[in-house]
Asks: 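Just passing along the structure, written as structure tokens.
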Amino acid sequence: MVRLPEPLPRTLVPLPGEGLPGLLPRLAHRLDLSPNMVLARGGILTSRRPCTGGQYLLDLGEHLSTFAHAMRLTTEEAGRLTFAPDADRYPPITASIHARTRRNYLYDAWVFTKFTRYCPYCLLGNGSAIQQRHGGPWKIRWRLPISFLCLEHGRFLHDTCPGCQRPVHSSDHAGSRFLPMPAYSGLHPAQCRNQRPGITSDRLLCGTRIDDEVAQPPRPGVTPPLRRLQKQINDLLSPCADPTQASRYFTALRVMAAVLQATWPLGSDLAPAGLSDALDLHVDQLWQRQGTRGDHAERVRWNALPPSAVASATLLAGADTLLTMNTTARRDALRTMLPSAPAKGSKQWGRTWTHLRQHASPHLRDEVETAVANYL
């Protein structure tokens, strides 16, 4: 019989939409502990598991009951702190859960990123006493690159710290950890935990408050079509959505986004007016990374969404436009773009064609495979 840890003397009720990387720093702040100490009390961090990787964003696995007991949560509440509830509607999560036991598994870029996006207004809290002290929610879906808007506040999500100018909660490798510097205590949950460049003993962490909208760089306005697209994405992730319909849509969106990005700016007429600059910049940076050597070119992946929420919104909106076209118009668009794309066998596509084959609707799969065969 597994011995359960003692429940925490005080705890917090998870806020709506909150993820494990949000509850941990809020609990740590309330109890004056480090996030690692909270994880140790929850049975996740042990001498045999001295670090916590991004796999715990997927689900808590065998630690679910132990963690829930220690945090005074139900197993359902604890499970909602991870991606697990969305798995049957979002194929990248399902594939990541099944594949993570492989030694050489590569984290899926549509699940794991090297950072998180965020809404300063959400982090500021709703004015209640508990959120005034410990801040608002770090939402679990901000971790998914298909989240680019906060619908509650009608604004694009941010991705960088206004202080250190680095991606928030950044890590060297996607999925390597879900919270930076977790051994350090004393930070408010809305303070940047990035390690400062040029480490000094008295100021190891950035510490900038990122729940201050005034300190943030200006963002473009949100148009009704983008709001509708984010709502559609959110609705398809909800438990009420049909799993097959949702899985097929996200797979189709992924394939079209890869084609659009690999051939940009040929499909720029499909993107929202006035927002293409962010995607232009991202694609230019990818081309610069390629360099002149072929081996450098293979390191670029056109199947990953950009870090910028605005650039991701531009790309996803263009991909969604392709999906809403009739078959003839979409075939014409693919005929225009695909001849300039990398060869089908290029590593730059990642697992794009595998996703198409395994999870797309039969109609779209046949249509795209025919176009790829003809023009790549």
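All residue numbers refer to positions in the sequence shown, counting from 1. All values below were derived from every heavy atom in this structure, side-chain atoms included, with hydrogens, water molecules and symmetry-related copies excluded.
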Asks: Any side-chain heavy-atom pair from C150 and C122 closer than 4.5 angstrom?
Replies: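 With C-beta onward as the side chain, the pair touches.
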Asks: Could you tell me which residues satisfy side chain to side chain contact (heavy atoms under 4.5 Å, CB included) with L151, sequence neighbours excluded, listed by chain and number?
Replies: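 If we apply the side chain to side chain contact (heavy atoms under 4.5 Å, CB included) test to L151, skipping adjacent residues, the hits are L149, R227, Q230, K231, N234.
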Asks: Ignoring hydrogens and geometry beyond distance, is a side-chain donor-acceptor pair present between W302 and Q261 at under 3.5 Å?
Replies: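 Q261 and W302 do not have a side-chain donor-acceptor pair below 3.5 Å.
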Asks: Classify the angle between the aromatic ring planes of F156 and F148 as parallel (below 30°), tilted (30 to 60°) or perpendicular (above 60°).
Replies: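 Rings of F156 and F148: tilted, as their planes differ by 30° to 60°.
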Asks: Step through the shown structure and confirm whether more than 12 heavy atoms of other residues, nucleotides or ligands are within 6.0 Å of CG on D32.
Replies: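 12 or below, so no.
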Asks: Can you run down the salt bridge (charged side-chain N to carboxylate O under 4.0 Å, His left out) pairs that involve residues 329-339, sequence neighbours left out, and say none if there aren't any?
Replies: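 For residues 329-339, and leaving out neighbouring residues, the salt bridge (charged side-chain N to carboxylate O under 4.0 Å, His left out) pairs sorted by first residue read R330-E367, D332-R335.
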Asks: Assess whether salt bridge (Lys or Arg N to Asp or Glu O under 4.0 Å) is satisfied between D320 and R228, documenting all intermediate values.
Replies: CA-CA 11 Å; D320 183 71; R228 286 194 295 270; over 6 Å; no
Asks: Checking N126 against S128: is there a side-chain donor and acceptor pair closer than 3.5 Å?
Replies: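 The answer is yes; a qualifying pair exists.
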Asks: Quick one: sort the Y118 and W138 rings into parallel, tilted or perpendicular, breaks at 30° and 60°.
Replies: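 Because their plane-to-plane angle lies in the 30° to 60° range, the rings of Y118 and W138 count as tilted.
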Asks: Hey, is OH on Y375 packed in by over 12 heavy atoms from elsewhere, all under 6.0 Å?
Replies: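 Above 12, so yes.
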Asks: Do D108 and S96 have side-chain atoms, one donor and one acceptor, less than 3.5 Å apart?
Replies: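 Result is no, nothing qualifies.
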Asks: Do you see a donor-acceptor pair shorter than 3.5 Å between the side chains of D280 and W264?
Replies: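 Their side chains do contain a donor-acceptor pair, which is all the 3.5 Å distance test asks for.
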